[in-house]
Protein chains: 2
Amino acid sequence: MTKPIHHHKDYYAPEEKLYVATDCIIFGFDEGVLKLLVFKRRVEPLKGTISLIGSFVHPVESAGEAAKRVLREITGLEDIFMEELKSYSAVERDPGARCISIAFYALIRIEESNKSLVANHGAIWLELDTLPKLVLDHGQMVKDALDRLREKAKFYPIGVELLSKKFTIPQLQKLYEAIYQKKMDTRNFRKKLLSLNLLIPLDEKDMSGSKKGAFLYKFNYNKYKKLETKGFNFSLFKT
Amino acid sequence: MTKPIHHHKDYYAPEEKLYVATDCIIFGFDEGVLKLLVFKRRVEPLKGTISLIGSFVHPVESAGEAAKRVLREITGLEDIFMEELKSYSAVERDPGARCISIAFYALIRIEESNKSLVANHGAIWLELDTLPKLVLDHGQMVKDALDRLREKAKFYPIGVELLSKKFTIPQLQKLYEAIYQKKMDTRNFRKKLLSLNLLIPLDEKDMSGSKKGAFLYKFNYNKYKKLETKGFNFSLFKT
DNA sequence: TCAAAAGTGTTCTCCTTACACCCATGA
DNA sequence: TCATGGGTGTAAGGAGAACACTTTTGA
């Protein structure tokens with residue numbers, strides 16, 4: 001069977017429609033550890049089960065728009081780094097109905113989210129490395145999203161999406177160490193990072209992490225956008 | 001709105017289902033140029049329009065299974081390199097009906113395909129760099145797939161999926177030159193390639209490309225699989 | 001004998017890596 | 001004054017990039 005002719009309803013009619021949902025793998029970084037925003041049922045049935053935050057894709061929106069809507073409804077945030085991960089469409093993935101899900105992963109700054117909105121939705125932040133079992137194939141989604149994050153962060157400085165807009169180099173290093181679960185060398189990390197010329201040094205220090213204080217930087221989004229389109233190598237280290 | 005409770009049909013009932021299709025971006029390599037397998041309507045209506053090859057996703061199969069089925073039905077091939085590209089779900093993407101598509105790209109050896117099966121389905125190979133306009137958002141799909149192929153081929157030797165099982169190094173180089181649209185240095189290409197130790201040299205020569213003839217090689221899939229799981233850097237050149 | 005493609009080595013440069021000490025400050 | 005985290009430089013090794021000629025053989 002090949003692609004049906006378009007604009008002729010007869011070609012669609014005999015086909016079966018499916019439920020289409022989206023699930024968001026929402027990463028955050030807090031207290032030196034990677035966290036995931038999940039939905040914990042507080043009432044029966046299935047009280048206590050943990051799932052990703054998602055929604056059906058409505059007729060008036062694309063999957064990406066649905067995912068953005070979910071993120072906005074739960075966290076109050078807009079203009080967030082979000083990318084399609086992949087689709088999940090195994091026949092038996094959802095025992096309740098034939099339902100495919102298009103998963104998106106997002107990186108957000110926890111402190112910018114609307115905490116009461118989050119709480120009102122029954123959403124909570126859990127540490128990634130002590131995650132309990134999630135419903136359906138959501139565990140697999142998280143695993144896939146983490147793999148993708150690791151791949152992506154090798155070549156693109158997306159880590160900055162997880163930190164405050166003003167951040168210190170030690171903070172960024174701790175984030176990378178959390179993502180890749182390994183210690184890095186301070187000197188090499190700084191050298192490579194600064195050689196990209198994508199950080200704007202500020203005249204402020206963050207005094208929360210040490211007595212000496214660490215200089216704050218801002219990410220140069222404008223410069224990055226220009227480089228990105230030209231295809232730049234952002235690799236922060238050798239694998 | 002958060003994720004509905006599963007196993008309770010009431011949560012699905014009020015939602016609208018959508019048509020779910022899959023489209024395949026099928027790459028081939030022949031006569032030194034990259035080609036795409038497309039479907040050309042030979043009868044009215046819409047005679048002459050060109051689209052990717054696709055199908056609806058049926059209730060009994062996942063999107064990936066649907067894509068594999070399409071590939072098998074059109075080319076007779078199984079066990080082909082195929083990966084999910086991304087989903088396309090813009091509300092107005094298909095004027096005929098609200099229909100999302102999950103696109104997959106595949107790399108096949110043209111000479112192994114069932115030529116009459118291909119022809120019977122009205123499928124034809126078109127050169128990638130002189131593609132006409134495709135229906136719907138299929139042009140965008142091809143562009144995205146090509147970007148993905150370029151990204152992927154940098155780090156994984158997937159090019160071999162497009163060549164005969166026995167191939168010569170000059171053939172592989174020509175393929176890479178076609179993918180990246182740039183000339184490469186023979187000596188550096190061979191050096192890097194052979195240093196991966198993934199090619200099994202054969203005692204045969206391919207005499208079709210030159211009077212001198214070029215030695216044939218086979219790809220060492222077993223070794224590759226082992227390296228792949230350990231996370232190896234297959235980059236064939238610096239971007 | 002010549003045209004056309006296959007095959008081969010070396011040098012330079014740059015990036016990555018490994019590695020250890022001083023600095024600033026608040027407690 | 002001392003404990004804590006912030007910040008700095010250099011040398012060695014390895015990978016990528018640039019570069020030109022010889023080999024084979026059918027026409």
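All chains are named by letter (A, B, ...) in the order of the sequence lines, taking the proteins before the strands, and each is independently numbered beginning at 1. Note that these values count all heavy atoms, side chains included, but never hydrogens, waters or copies made by symmetry.
A:Met184 places its CE atom 14 Å from the C1' atom of C:dT16, with the value rounded to the nearest Å. One can place NZ of B:Lys182 at 11 Å from C1' of D:dA17, the figure rounded to the nearest angstrom. When rounded to the nearest whole Å, the span between CE of A:Met207 and P of D:dG5 equals 13 Å. Regarding B:Leu193, its CG atom lies at a distance of 15 Å from the C1' atom of C:dA6, rounded to whole Å. When rounded to the nearest whole Å, the span between CG of B:Asn188 and P of C:dT10 equals 14 Å. Regarding A:Phe189, its CZ atom lies at a distance of 19 Å from the C1' atom of D:dG9, rounded to whole Å. Atom NZ of A:Lys205 is separated from atom P of D:dG7 by 6 Å (rounded to the nearest Å). Rounding to whole angstrom units, CG of residue A:Asp206 and C1' of D:dG7 are separated by 15 Å.
Heavy-atom distances to DNA chain D give each of A:Tyr217 and B:Thr186 a nearest nucleotide, and the one nearer the 5′ end belongs to A:Tyr217. When each of A:Lys212 and B:Leu194 is assigned the nucleotide of DNA chain C bearing its nearest heavy atom, the one mapping closer to the 5' terminus is B:Leu194. Mapping B:Gly213 and B:Lys191 onto DNA chain C by nearest heavy atom places B:Gly213 closer to the 5' end of the strand.
In summary, the side chains of A:Tyr88 and A:Asp23 do not present any donor paired with an acceptor at a separation below 3.5 Å, with no hydrogens or angles considered. Checked by atom type, the side-chain pair A:Ser195/A:Asn197 shows no donor-acceptor distance below 3.5 Å. Side-chain N/O atoms of A:Glu177 and A:Gln181 include no donor and acceptor closer than 3.5 Å.
At C:dA20, none of the side-chain N or O atoms of A:Arg187 fall inside 4.0 Å of OP1 or OP2 (strictly under the cut-off). A close approach under 4.0 Å does occur between a side-chain nitrogen or oxygen of B:Lys192 and OP1 or OP2 of D:dG16.
The side-chain tip of B:Lys152 points at the ring of B:Tyr156 from less than 6.0 angstrom away and within 45° of straight on.
Using a 4.5 Å cut-off on side-chain heavy atoms (C-beta onward), B:Ser62 and A:Ile100 make no contact.
Nearest nucleotide to the B:Lys211 side chain, out of C:dA5, D:dA27, D:dT4: D:dA27.
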